[in-house]
Amino acid sequence: MPELPEVETTRRGLLPHMEGIRIVRAVVRHRQMRQPVPPVLPDCLVGLTIRTVLRRAKYLLIDCTTGTLIIHLGMSGRLWLVNGGTAPEKHDHFDLHLANDKIIRLRDPRRFGLVLWVTDNPFLHPLLNRLGPEPLSDDFNAPYLFRQTRSRSSAIKIVIMDSHLVVGVGNIYASEALFHAGISPRKSARRLSLARCAELVQSISQVLQQAIQAGGSSIRDYVNSDGMAGNFQSQFFVYGRAGEPCKKCQTPIKHLVQGQRATYYCPICQR
DNA sequence: CGCCAGGCCTGCACGC
DNA sequence: TGCGTGCAGGCCTGGC
């Protein structure tokens with residue numbers, strides 16, 4: 001499911017239903033995730049008040065009075081709001097019951113997701129403390145990308161998906177951003193000029209912001225916090241469009257595999 | 001049946 | 001030697 005726009009859409013949708021609300025009950029139905037759900041959960045959550053919900057990379061940080069619940073949605077996770085009393089289904093592994101009679105429910109068939117509880121600064125957690133800058137922040141800029149790519153001989157598509165360089169650029173938006181920047185996904189990262197780094201930074205930022213505005217992309221099962229699908233998939237220029245005409249030049253879109261992931265690009269518009 | 005899927009960590013091999 | 005980099009594998013289920 002989720003890349004940064006989908007996680008951010010989820011966060012924004014959930015926030016008004018969670019901010020300042022007390023947790024009255026929490027349920028763990030399946031502990032085997034990317035890491036085991038820690039034994040202190042769910043009991044440590046009962047009675048806590050949610051201060052706010054933050055996002056770092058694709059991690060959701062539910063900031064509570066005595067600690068932070070960290071949730072990652074992996075490949076197939078979704079977190080959404082259901083009314084109290086709604087029965088859980090097969091892959092509904094985790095519930096937060098709130099004092100407003102809402103349930104925040106995590107469903108994740110593949111269980112590549114994550115539920116953690118930390119009582120100190122969540123940004124210092126080993127999974128978070130070595131992450132690169134947020135792609136929508138000023139810290140992700142052309143000089144930074146230029147500097148960081150000088151020693152990287154691998155393909156630029158692989159490099160922008162490295163969360164230690166920049167977070168939140170997943171497989172869909174990597175292809176889309178490279179298309180809009182006119183850069184071949186196969187181009188060696190170290191061979192990008194500063195000017196092209198600037199174009200790429202701009203494209204990444206723009207495509208992510210547009211996807212957030214459209215409520216994320218739904219290509220299999222993503223839904224937002226209200227259970228509604230996103231719309232951005234209709235604005236894809238290359239992702240999933242192998243063989244279809246390029247929306248700019250009509251040349252058939254090509255498909256290749258990089259780092260065991262599918263890449264889509266236009267062989268004419270991207271060099 | 002085999003293959004594919006929106007993520008991301010780990011461990012190994014390699015070269016400077 | 002030690003570090004960064006590059007790459008394969010693994011975690012799971014479901015749909016085609």
Side-chain angles (χ1 to χ4, degrees), chain A residues 1-10 29-37 55-60 70-80 89-94 106-116 125-132 135 147-178 185-191 204 207-208 211-212 214-224 229-236 238-242 255-264:
Chain A
M1 154 200 166
E3 296 194 30
L4 185 146
E6 292 73 38
V7 177
E8 179 62 18
T9 299
T10 298
R29 296 188 196 81
H30 203 133
R31 291 188 181 270
Q32 192 56 53
M33 306 281 285
R34 198 171 100 205
Q35 294 181 7
V37 176
R55 179 188 58 74
R56 172 71 173 113
K58 296 171 190 167
Y59 294 91
L60 287 166
I70 301 179
I71 295 180
H72 193 285
L73 300 175
M75 286 279 259
S76 59
R78 68 191 230 188
L79 191 67
W80 83 118
E89 295 184 25
K90 187 176 178 186
H91 300 293
D92 295 344
H93 307 313
F94 181 75
L106 174 69
R107 175 176 298 179
D108 184 6
R110 293 177 72 179
R111 283 183 277 122
F112 288 180
L114 198 64
V115 180
L116 293 176
H125 188 278
L127 289 175
L128 304 188
N129 67 7
R130 275 180 278 112
L131 293 173
R147 207 178 333 120
Q148 292 292 318
T149 48
R150 290 313 85 189
S151 64
R152 305 289 294 266
S153 61
S154 39
I156 185 61
K157 196 242 187 182
I158 303 282
V159 170
I160 59 174
M161 290 180 67
D162 179 352
S163 64
H164 301 294
L165 191 142
V166 59
V167 301
V169 183
N171 201 40
I172 293 177
Y173 299 109
S175 282
E176 291 297 312
L178 286 165
R186 290 203 260 217
K187 188 169 180 69
S188 171
R190 63 171 9 140
R191 297 188 57 232
I204 288 171
V207 79
L208 293 175
I212 292 169
S217 304
S218 297
I219 60 178
R220 261 164 289 276
D221 52 12
Y222 169 72
V223 294
N224 68 16
N231 287 315
F232 193 72
Q233 63 280 7
S234 64
Q235 298 178 50
F236 290 168
V238 288
Y239 187 84
R241 298 191 64 244
H255 163 270
L256 73 126
V257 175
Q258 295 178 290
Q260 302 153 296
R261 315 290 302 271
T263 300
Y264 300 88

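Per chain, numbering begins at 1; letters A, B, ... match sequence-line order. As the structure is a prediction and not an experimental result, all values here were calculated from the model.
- In this structure, of B/dG7, C/dG14, B/dA5, it is B/dA5 that holds the atom nearest to the side chain of A/Tyr239.
- Residue-environment remark: CZ (A/Arg191) stays at or below the threshold of 12 foreign heavy atoms within 6.0 Å.
- A salt bridge is defined here as a Lys NZ or Arg NE, NH1 or NH2 lying under 4.0 Å from an Asp or Glu carboxylate O, and A/Lys58 with A/Glu3 fails to meet this definition.
- Following rounding to the nearest Å, A/Gln258 (CD) and B/dC4 (P) show an atom-to-atom distance of 16 Å.
- Closest to the side chain of A/Arg111, out of C/dG14, C/dA8, C/dC12, is C/dC12.
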Worked verdict on A/Thr9 versus A/Asn224 for side chain to side chain donor-acceptor pair (under 3.5 Å)
CA-CA 6 Å; A/Thr9 299; A/Asn224 68 16; over 6 Å; no

Going 5' to 3' through nucleotides 8-16 of chain B and flagging B where a protein heavy-atom sits under 4.0 Å of the base, S where only the sugar-phosphate is that close, and - otherwise, we get SS-------

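- At a cut-off of 3.5 angstrom, counting only N and O atoms as typed in the model, there is a donor on one side and an acceptor on the other between the side-chain of A/Arg110 and the base of C/dC12.
- Residue whose closest nucleotide on DNA chain C sits further toward the 5' end, between A/Ser153 and A/Gln260: A/Ser153.
- Between A/Glu176 and A/Gln235, the closest heavy-atom pair is OE1-O, 4.1 Å.
- Closest non-hydrogen pair, A/Ser153 versus A/Ser188, comes out as O-OG, 3.0 Å.
- Taking both residues in full, the closest heavy atoms of A/Val167 and A/Ala57 are given as CB-CB, 3.5 Å, listed atom of the first, atom of the second, then distance.
- In this structure, A/Asp108 atom CG and C/dT13 atom P are separated by 11 Å, rounded to whole Å.
- Between A/Lys90 and C/dT13 there is no side-chain N or O to OP1 or OP2 distance below 4.0 Å.
- Between the side chain of A/Arg110 and the backbone N or O of A/Gly74, no donor-acceptor pair lies under 3.5 Å.
- The side chain of A/His91 lies closest to C/dG14 when the candidates are C/dC12, C/dG14, C/dG9.
- Taking every side-chain heavy atom of A/Ser154 into account, C/dC7 is the closest of C/dT13, C/dC7, C/dC12.
- Among the nucleotides C/dG9, C/dG14, B/dG7, the one closest to the side chain of A/Pro109 is C/dG14.
- A/Phe112 places its CZ atom 11 Å from the C1' atom of C/dG9, with the value rounded to the nearest Å.
- Rounded to whole Å, the distance from CD1 on A/Ile70 to P on B/dG7 is 19 Å.
- One interatomic measurement links the two molecules: CD1 of A/Ile160 to P of B/dG7, which rounds to 12 Å at whole-angstrom precision.
- In this structure C/dC12 sits in no base pair that meets the Watson-Crick or G-U test at under 3.5 Å.
- Taking atom CD1 of residue A/Ile156 and atom P of nucleotide C/dT5, one finds them 13 Å apart after rounding to whole Å.
- The separation between A/Tyr173 atom OH and B/dA5 atom P is 17 Å, rounded to whole Å.
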What's the verdict on side chain to side chain donor-acceptor pair (under 3.5 Å) for A/Tyr173 and A/Ser217, showing C-alpha distance, side-chain angles and the deciding distance?
CA-CA 10 Å; A/Tyr173 299 109; A/Ser217 304; 2.6 Å; yes

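- Going from atom CG of A/Leu73 over to atom P of C/dC12 covers 18 Å, rounded to whole Å.
- For the C1' atoms, the distance from B/dC1 to C/dC11 is 22 Å, rounded to whole Å.
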